[in-house]
Participant: 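Below is one structure. I have some questions about it.
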Amino acid sequence: MNKLRTLVLGAAFVACASVAGAQTASLHGKVDYTNFGLGQRLDNFGNGDDWDHTDPAAEFGNAGNGETTVDLRVTAANFLFNFGLRLNSSLWQTGDYYVSDDQGLAYVQTIFYQGNIRAAFFNEQFFIYTGKFEDWNAGYISEGYVLGGQQIHDLASHSVGQHITALEIAPYALKGFKFMAALPILPGHGNDVNTNIGANHWKNLYKKFKLVAQYKLPIEDTDIILNAGWRPGTYYSGVEAYHKLSKDEDGNYNDFTKSFFGEAYIQGNFFSLVPGFDLNATYDFRYRDGKYTTVTSGTKEHFTTAHMVGVSANLGSDLLQVENLSLAIEDRFFYADDDYIFDDEKLIYNRIGARAGYKFGDGPWELGLVFVNTLAADARSTAFSKDGSGKYGKVISDSFDDIAVGYNKMAISDNFTRIPNGDSGNYHSEYLNPFVQYNLSNGFIRLGVELQFAQVKTGGETYSSFNYRVPVGFCFWF
């Protein structure tokens, strides 16, 4: 009943707001209910030719358990308001949107994933943003053409913290240039996200600022955009990890001032320098105080870093000289130095992907193919297994939480959480997804097959897994 009441109230709010005298109002959204008609995983635990396997199964809802997003956008005078609901295949919350109870010890999820406002001043040279945002980078980070979102932390995100108050300046005197300064100011009362207002004390808050900038080069007949950003610290704020990671050694909540890493990035976007060729290149740098175990079994702290270099290109039919053919390629290379991920561990990792598509004339049919290869090596076999990294073989360090051996949420063997630590580990996975797609004016229907083989070699043993899915995609947007 509570769920139904919440849904009804949300729908009523959307309906009322859209006719409440605003100058303009628009309602838009997306529905993705990809079904997996068949799926299965086979595992080999280093025991010769014997493979364990799950039973073949069907699944409703995409890899994220289905998704329905409804967003209301309202403008009035110099104000812009955004409000959003996100539901899973059961028409309830989709995942990581947490608020705490009065004691900050329990968590409930909510369907209201964003609610924010932007005010513009001085003929849109000056903007103020505040509220709750969803994986929001304000256009200062460009995605890759194959692998999607960059491994750069957004200004606001569901995993680190969704609440942001920001100031953006785009002066006429510096055409093409703009910058933004943001702070994660949490609501002190009302929705119980923050049960300790110490997070908003200025003695703590100033350490959490985030700066991003963008400059479009004024070169005739070119379209070059440079992005850059820096955050001196990364703090988990107003999310589930906020409370889990903000305790002192005695298990008591502290003043929420622990930084897990600092981060800076620079990115270049080069559009149509050659007809039919778009390119972006990214460098992300992270740093923190790590520690290692000494020969006397003590620990010693030191400065340590991690790096990511990414290059992504999109090639159109003009360049390929094949009508209706498109091709995109992307490579991302990661290196985490000694003790950055975990104590006494380091990691080297590379992922390369390619996407090809061919449309049949002006009709709705399209053939596509996605291929992704992942290679990695670590020093002690703990990068993907320490403390149990989950079924995707994901790094779960709070300082490096966004890469995995598996791709597109395809499960790999649970043996990645059980491999013996101490010896170096070598990892690889290959993902292949051929598909046929029928395009609609506002969506598509897609049928394909996803195949993934993953393997780790360590301590003289080899652990392997193979799994497949048969997705039938129904995607619609409005």
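Computed from heavy atoms alone, side chains included, the values below leave out hydrogens, waters and symmetry copies. Predicted model only: the values in this text are computed from it and were never measured.
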Participant: Is it the case that the side chain of Y235 and the backbone of G161 share a donor-acceptor pair, with hydrogens and angles ignored and the cut-off at 3.5 Å?
Facilitator: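 Not confirmed, Y235 side chain does not pair with G161 backbone.
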Participant: Might you point out which heavy atoms bring V146 and R355 nearest each other, and give the distance in Å?
Facilitator: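 The answer is O-NH2, 3.7 Å.
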Participant: Given the side-chain rings of Y129 and W136, with only the six-membered ring counted for Trp, is the space between their centroids under 6.0 Å?
Facilitator: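 Centroid distance Y129-W136: below 6.0 Å, so yes.
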Participant: Please indicate whether F303 has more than 12 foreign heavy atoms, meaning atoms of other residues, nucleotides or ligands, lying under 6.0 Å from its CZ.
Facilitator: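 More than 12 heavy atoms, drawn from other residues, nucleotides or ligands, come within 6.0 Å of this atom.
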Participant: Verify the distance criterion only: is there a donor paired with an acceptor across the side chains of D337 and T304 at less than 3.5 Å?
Facilitator: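 No - no donor-acceptor pair under 3.5 Å links their side chains.
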Participant: If only atom types and distance count, is the side chain of N116 paired as donor or acceptor with the main-chain N or O of K132 below 3.5 Å?
Facilitator: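 Here the side-chain-to-backbone pair exists.
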Participant: When you compare the side chain of P471 with that of R446, does any pair of heavy atoms fall below 4.5 Å?
Facilitator: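 Heavy-atom side-chain distance check fails, nothing below 4.5 Å.
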Participant: D331 vs N350, test: side chain to side chain contact (heavy atoms under 4.5 Å, CB included). Steps then yes/no.
Facilitator: CA-CA 7 Å; D331 185 79; N350 192 79; 2.8 Å; yes
Participant: Please name the pair of heavy atoms, one in R231 and one in H153, separated by the smallest distance, quoted to 0.1 Å.
Facilitator: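 Closest approach of R231 to H153: NH2-O, 3.1 Å.
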Participant: Taking the side chain as every heavy atom from C-beta outward, state whether F474 and T34 have any pair of such atoms under 4.5 Å apart.
Facilitator: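 Sidechains of T34 and F474: no contact.
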Participant: OH/Y335 to CG/L347 distance, rounded to the nearest 0.5 angstrom?
Facilitator: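 Taking OH in Y335 and CG in L347, the distance rounds to 9.5 Å.
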Participant: With distance as the sole test, does Q23 use its side chain to make a donor-acceptor pair with the main-chain N or O of A77 at under 3.5 Å?
Facilitator: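 Yes, because the side chain of Q23 sits within donor-acceptor range (under 3.5 Å) of the backbone of A77.
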Participant: Is the charged tip of R118 near the ring of F127: under 6.0 Å from the six-membered ring centre and within 45° of its axis?
Facilitator: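 No, R118 and F127 do not form such a contact.
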Participant: Do R351 and Y407 form a cation-pi contact, if we require the NZ or CZ to be under 6.0 Å from the six-membered ring centre and within 45 degrees of the ring's axis?
Facilitator: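 Checked: cation-pi criterion not met.
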Participant: What I'd like to find out is whether the side chain of F121 reaches to under 4.5 Å of the side chain of N78, using heavy atoms alone.
Facilitator: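 F121 reaches N78 side chain to side chain.
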Participant: Check whether Q125 reaches the backbone of Y172 with its side chain - one donor and one acceptor, N or O, closer than 3.5 Å.
Facilitator: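 Yes; at least one donor-acceptor contact below 3.5 Å.
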Participant: Is there a side-chain contact between H428 and T374 (heavy atoms, below 4.5 Å)?
Facilitator: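 No - every pair of side-chain heavy atoms lies 4.5 Å or more apart.
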Participant: State, yes or no, whether a side-chain contact exists between S89 and Y33 at a heavy-atom distance under 4.5 Å.
Facilitator: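 The answer is yes, as the side chains (C-beta and beyond) meet within the 4.5 Å cut-off.
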Participant: Going through the checks in order, is the side-chain hydrogen bond (donor to acceptor under 3.5 Å, both in side chains) test met by E59 and N35?
Facilitator: CA-CA 6 Å; E59 182 180 349; N35 288 292; over 6 Å; no
Participant: Which heavy atom in I403 sits nearest to a heavy atom in F400, and how many Å separate them?
Facilitator: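 Answer, listing the atom of I403 first, then F400: CD1-CE2, 3.3 Å.
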Participant: Kindly say whether the aromatic ring centers of Y287 and H307 come within a distance under 6.0 Å.
Facilitator: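 Centroid separation for Y287 and H307: 6.0 Å or greater.
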Participant: Could you measure the distance from the NE2 atom of H28 to the OG1 atom of T69? Nearest 0.5 Å is fine.
Facilitator: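 Here the interatomic distance stands at 10.0 Å.
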Participant: Determine the minimum heavy-atom distance between G61 and F36, stating which atoms define it.
Facilitator: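 What the structure gives for the nearest pair is O-CE1, 3.5 Å.
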Participant: Please determine if R286 and E263 form a salt bridge, counting it only when a charged side-chain N lies under 4.0 Å from a carboxylate O.
Facilitator: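 A salt bridge is present here (some side-chain N lies under 4.0 Å from a carboxylate O).
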Participant: Identify the two heavy atoms, one from L320 and one from L325, that lie closest to each other, and give their separation to 0.1 Å.
Facilitator: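 Here L320 and L325 meet closest at CD1-O, 3.8 Å.
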Participant: Please test L367 against L369 for side chain to side chain contact (heavy atoms under 4.5 Å, CB included), starting from the C-alpha separation and ending with a verdict.
Facilitator: CA-CA 7 Å; L367 286 178; L369 178 68; over 6 Å; no
Participant: Examine distances only and state if a side-chain atom of N408 and a backbone atom of M410 form a donor-acceptor pair shorter than 3.5 Å.
Facilitator: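 Between the backbone of M410 and the side chain of N408 there is no qualifying donor-acceptor contact (under 3.5 Å).
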Participant: With rounding to the nearest 0.5 angstrom, report the CD to CG distance, Q214 to N269.
Facilitator: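 Here the rounded value is 8.0 Å.
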Participant: Are Y427 and F384, when compared by the centres of their aromatic rings, separated by less than 6.0 Å?
Facilitator: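 Distance test on ring centres: under 6.0 Å, yes.
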Participant: Check the pair Q267 / N280 against side-chain hydrogen bond (donor to acceptor under 3.5 Å, both in side chains), numbers first and verdict last.
Facilitator: CA-CA 7 Å; Q267 182 180 66; N280 68 35; 5.1 Å; no
Participant: Quick one: are V395 and I341 in side-chain contact, heavy atoms under 4.5 Å?
Facilitator: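 Side chain of V395 against side chain of I341, heavy atoms only: contact under 4.5 Å found.
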Participant: Using ring centroids (six-membered ring only for Trp), state whether H158 and Y113 fall under 6.0 Å.
Facilitator: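 That pair fails the under 6.0 Å test.
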Participant: Using a cut-off of 6.0 Å, state whether more than 12 heavy atoms not belonging to K178 lie near its atom NZ.
Facilitator: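 Count over threshold, so yes.
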Participant: Is the ring pair F126/F122 parallel, tilted or perpendicular, if the boundaries are 30 and 60 degrees?
Facilitator: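 Taking F122 first and then F126, their aromatic rings stand perpendicular (interplane angle over 60°).
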Participant: Would you confirm whether the ring centroid of F260 sits within less than 6.0 angstrom of the ring centroid of Y236?
Facilitator: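 For Y236 and F260, the ring centres are under 6.0 Å apart.
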Participant: Just wondering, do P184 and H163 contact through their side chains at under 4.5 Å, heavy atoms?
Facilitator: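 The answer is no, as the side chains (C-beta and beyond) never meet within the 4.5 Å cut-off.
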Participant: Would the distance check show the side chain of N373 and the main-chain N or O of L375 forming a donor-acceptor pair, the cut-off being under 3.5 Å?
Facilitator: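 No; judged by distance alone, with no hydrogens or angles, the pair does not exist.
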Participant: For residues A354 and I329, report the shortest heavy-atom separation together with the two atoms involved.
Facilitator: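 Closest heavy-atom pair between A354 and I329: CB-CG2, 4.1 Å.
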Participant: Do the side chain of D378 and the main chain of S381 share a donor and acceptor less than 3.5 angstrom apart?
Facilitator: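 Yes, D378 side chain to S381 backbone: donor-acceptor pair under 3.5 Å.
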Participant: Would you say E323 and S317 are linked by a side-chain donor-acceptor pair, where the criterion is simply a distance under 3.5 Å?
Facilitator: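 No.
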Participant: Scan side-chain atoms only and decide if Q151 and Y265 contain a donor-acceptor pair under the 3.5 Å cut-off.
Facilitator: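 No - no donor-acceptor pair under 3.5 Å links their side chains.
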Participant: Could you give me the CA-CA distance, side-chain angles and deciding distance for R288 and Y340, then say whether side chain to side chain contact (heavy atoms under 4.5 Å, CB included) is met?
Facilitator: CA-CA 7 Å; R288 75 182 191 95; Y340 181 87; 3.7 Å; yes
Participant: Kindly say whether F261 contributes a backbone atom to a donor-acceptor pair with the side chain of T234 at under 3.5 angstrom?
Facilitator: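 Looks like yes, one N/O pair under 3.5 Å.
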Participant: How far does CG of D338 sit from NZ of K346, to the nearest 0.5 angstrom?
Facilitator: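 That separation rounds to 4.0 Å.
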Participant: Between E430 and Q452, do the side chains contain an N or O donor and an N or O acceptor separated by less than 3.5 Å?
Facilitator: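 Distance-only check fails for E430 and Q452.
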Participant: So, does E330 use its side chain to make a donor-acceptor pair with the main chain of L147 at under 3.5 Å?
Facilitator: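 Yes.
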Participant: Going by an N to O cut-off under 4.0 Å, is there a salt bridge joining E301 and K291?
Facilitator: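 A salt bridge is absent here (no side-chain N lies under 4.0 Å from a carboxylate O).
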Participant: About how many Å separate CD1 of I224 and OH of Y215, when rounded to the nearest 0.5 Å?
Facilitator: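 If I round to the nearest 0.5 Å, the distance is 11.0 Å.
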Participant: Quick one: are the ring centres of F83 and F112 less than 6.0 Å apart?
Facilitator: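 Ring centres of F112 and F83 closer than 6.0 Å.
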Participant: Would a line drawn from the ring center of F360 to the ring center of Y358 be shorter than 6.0 Å?
Facilitator: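 Between Y358 and F360, which both carry aromatic rings, the centre distance is below 6.0 Å.
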Participant: Any chance you could measure L217, atom CG, to I225, atom CD1, to the nearest 0.5 Å?
Facilitator: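 These two atoms lie 9.5 Å from each other.
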Participant: Which is it for Y206 and H201 under the ring-ring contact (aromatic ring centres under 6.0 Å, His included) test, yes or no, and what are the steps along the way?
Facilitator: CA-CA 9 Å; Y206 83 91; H201 291 169; over 10 Å; no
Participant: Going through the checks in order, is the side-chain hydrogen bond (donor to acceptor under 3.5 Å, both in side chains) test met by Q114 and D71?
Facilitator: CA-CA 9 Å; Q114 74 164 345; D71 294 310; 3.1 Å; yes
Participant: What do the steps show when you test D339 against H302 for side-chain hydrogen bond (donor to acceptor under 3.5 Å, both in side chains), and what is the final call?
Facilitator: CA-CA 9 Å; D339 312 307; H302 69 109; 2.7 Å; yes
Participant: Show, in sequence, the C-alpha distance, side-chain angles and deciding distance for N433 and F371, and conclude whether the side chain to side chain contact (heavy atoms under 4.5 Å, CB included) test is met.
Facilitator: CA-CA 6 Å; N433 173 214; F371 172 76; over 6 Å; no
